[in-house]
Amino acid sequence: MSNPKPRDRRRDYMRWSRTFIPTMKETPADADITSHRLMLRAGLIRKVTAGAYTYLPLGLRALAKAENIVREEMDRAGAVEILMPALQPEDLWAETGRIETFGPDLVRYIDRHERTLIFGPTHEEVVTDLVRHHISSYKQLPVTFYQIQTKFRDEVRPRFGVLRSKEFLMKDAYSFNPGEESLEKSYRDMHEAYRRICERAGLPYVVVAAESGAIGGDVSEEFMVPCEAGEDSIATCDCGYSANVERAEAAAETPEKASPPGRLEVVETPGCTTIQAVSGFLKVEPRRLIKTLIYSADGAPVAALVRGDHELNETKLLRVTGAGEIQLADAATIERVTGAPVGFAGPVGLDIPIYVDHAVAALAWGATGANKADAHMVNVVPGRDFALTESADLHTVTEGDRCPKCKETFRIGRGIEMGHIFKLGRKYSETMGATFLDENGKSKVLTMGCYGIGINRIVAAMIETSFDEKGIIWKMGIAPFHVEIVALDMRNADVRAASEILERSLEAAGIEVLYDDRDATAGVKFNDADLIGLPLRVTIGARSLKKGTVELKRRDSEEVLSTAIESAVETIAGEVARDLEWQRREE
RNA sequence: CGGGGUGUAGCGCAGCCUGGUCAGCGCGCCUGCCUUGGGCGCAGGAGGUCGGCGGUUCGAAUCCGCCCACCCCGACCA
């Protein structure tokens, strides 16, 4: 294991027979998403153990391409590259208290001196430590450090190939600013850099408001690549509002105008402790059930009410309660507070603070637990049978919810979290004592931002959004090579000679070329070419050679272009240049 | 961590229920011939502690127990 260094300039041509591209006809049994399957089949990666992969030549080249795009855009944005160690002393993490925040996800070990070391999943502590020691004046600010490095997480369940692994390549950047205004500028610069990275890598993307989780901070946004294989759900609206479902707000629903079909009463519901069971037993739709969750907010019990078909969003509850931390109450507390075993809690008669979700408040009537074993209440009317003083947005946004800005119904889709940028504020600088002297010689706490991008995810997400039944369809920006030469008959000296000349000419013209020089039949070569999916393919066969032509085909089109050998290099260079135009245009 | 499942040749799998010529198939690999515009054909060949340990039995890939690894669903997720 080693940290990636800035890669040396590598040879930009390669021969199939001399490198290692183990393609597979059959699909490995444990690959369930497209990118994983294709990365395995096209010979980009091989699994070593759960959540850890070897990158083979083709995969490595794509990864290096992605890495270099990121590096170039970071440099362009004025960030300065450093390389911090993967190994970090636990003491640093003790300073910020994040050993608990991360918990078992932290990869740790105890060395021979009984010191605990952490394989870093992120580097806020280490950079802040660096800065607190070596930056002391406003004259040195603002500054943004970044690194591209291997990170570690003891994932509960590694899956989706390279998308969720225990070890992954990541670019993380940290800005140190004298104040809010400066942070705003750094944040916007990074936002712009991320936009450019997506464009250059050929990734469709959407920027969404996000939850900052264990990294912290008030504002954060994610760069999402929309696709089915994504692990995150995102809510988007035509008005421009878009947010991770964990973060998205739901507009309050208009109250129903109806009266309950009967009188408030308690009914026996033996053994019905789940929404599904109660719904079936009482013949009441899940959306009419008022789910009553007992939480412990800084030790004191509170109740949170959401509809049976909704999920409570703990972060929203945390905000509303204003507590430092909340957690689902244990069974004993629930029994003490409600007087009933878990599964039969209800708001009627509860003597603790009750937080009601908007959607529950809008219900004309519903059913809920009776605070009594094996019993529920029906025809409960919010506001009549229990107080509605604390109505708030508490549930996780789902299908059918409406945009808080324009009240239109959200579209809910899935996405791969490719990048995440945070305005950290002073969370780390404050606790770790990172300060500077301003123009007046006064000591101030630094303001920080933090910006991450998953390099492996760039590659996987690109494949996930660009393939067909035959294989990968690389975008020029991160394709392992620009063009593949397919020589149809290696025993034919003319074909060989023409192929080699073209290979050299392309390389001389700065085109990255893979030459399939294997003594294999046309079918094998064509199928492999489609599988590995380089953007361009040149076919050289005896047939067309006689006419003095070769064939050029784009992987993303069915069209085959016959072109004179003499102009082949020029034509190919033109195609490559056109595909890479975006990045050149803005240089 | 809860639920489910799998482990037999490099890959994909059959065999296990019903113990005894079951160490088998397809792909891949090696040799020779052949073929060269879409995974070609013929012939020959190499390759497996049947995940590990222990138990039952005259005999275990097969039955039992423990362990390990991996996968799927869920919980979780900077």
Pairing partner of B:rC1 (Watson-Crick or G-U wobble, both distances under 3.5 Å) = B:rG74

Taking the side chain of A:Arg491 as its heavy atoms from C-beta onward, which of B:rA78, B:rC73, B:rU36 lies nearest to it?
-> B:rU36

Establish whether the base of B:rG12 is bridged to the side chain of A:Thr27 by a donor-acceptor pair shorter than 3.5 Å.
-> no

Sequence neighbours left out, what passes salt bridge (Lys or Arg N to Asp or Glu O under 4.0 Å) with A:Glu399? Give chain and number order.
-> none

Would you say the side chain of A:Asp528 and the base of B:rG39 hold a donor-acceptor pair, judged only by whether the two atoms sit under 3.5 Å apart?
-> yes

Derivation and outcome, side chain to side chain donor-acceptor pair (under 3.5 Å), residues A:Arg37 and A:Thr27 = CA-CA 7 Å; A:Arg37 210 170 56 232; A:Thr27 305; 4.6 Å; no

Main-chain N/O of A:Arg555 paired to A:Trp474 side chain as donor or acceptor, under 3.5 Å | no

According to a strict under-4.0 Å criterion, is A:Lys25 in side-chain N/O contact with OP1 or OP2 of B:rG28?
-> yes

A:Lys166 atom NZ is separated from B:rA78 atom C1', nearest whole Å, by 17 Å

Look at the side chain of A:Glu26 and the base of B:rG26, then say whether one donor and one acceptor between them are separated by less than 3.5 Å.
-> yes

N or O in side chain of A:Arg46 less than 4.0 angstrom from B:rG10 OP1/OP2 | no

A:Arg41 side chain to A:Met24 backbone, donor-acceptor under 3.5 Å = yes

Sugar-phosphate only, base, or nothing, as touched by A:Thr49 at under 4.0 Å among non-hydrogen atoms = sugar-phosphate

State whether the distance check finds a donor on one side and an acceptor on the other, under 3.5 Å, for side chain A:Arg98 versus base B:rA78.
-> no

Test for a donor-acceptor pair under 3.5 Å between the base of B:rC72 and the side chain of A:Arg159, counting only N and O atoms.
-> no

